[in-house]
Amino acid sequence: DLRVTSLVGLRLAALARLKPNNPGHPAIITDTLTNTSASYTSIREGITAMGWDQPNTMRFLRNGTRSGLYLKRYTIVVTA
């Protein structure tokens, strides 16, 4: 089967990769109430650490808002 062969080839190519794939865009999440911030190596890592819903947060980042605050409290700065 052609699909199985191509999947095996993709898997072998990924395993043989010398340079690890890029984890994503670094992000800084700041809590405006406590004035603390945390840096994350990827947006997804930050979303998971904060316990947020990924699709809603990514939609917020894509669309942007007037206030720039997520959940009326946090600022998310993507540093890529």
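This chain uses plain numbering: 1 for the first residue, then up along the sequence.
Rounding to the nearest 0.5 Å gives a distance of 10.5 Å between CG of Leu71 and OG1 of Thr32.
Within the 4.5 Å cutoff, the side chain of Val78 has heavy atoms near those of the Ile43 side chain. Side-chain contact between Ile29 and Trp52 is present, with heavy atoms from C-beta onward closer than 4.5 Å. By the 4.5 Å heavy-atom criterion applied to side chains, Asn56 and Arg59 are counted as neighbours. Using a 4.5 Å heavy-atom threshold, the side chains of Thr34 and Arg73 count as touching.
Sorted pairs that involve residues 29-49 and meet ring-ring contact (aromatic ring centres under 6.0 Å, His included), not counting sequence neighbours, are lacking altogether.
No side-chain donor-acceptor contact under 3.5 Å links Thr36 to the backbone of Asp31. Side chain of Ser39 to main chain of Ile28: no donor-acceptor pair is present (N/O by atom type, distance under 3.5 Å, no hydrogens or angles).
Here the shortest heavy-atom pairing between Ala27 and Thr79 reads N-OG1, 4.2 Å. Across all non-hydrogen atoms, the minimal contact from Gly24 to Ser42 is CA-CB, 4.2 Å. Of all heavy-atom pairs between Gln54 and Ile47, the closest is CA-CG2, 3.8 Å. For Asp53 against Tyr70, the heavy-atom pair with the smallest separation is O-OH, 4.3 Å.
In this view, Thr48 and Arg44 satisfy the side chain to side chain contact (heavy atoms under 4.5 Å, CB included) rule, not counting sequence neighbours.
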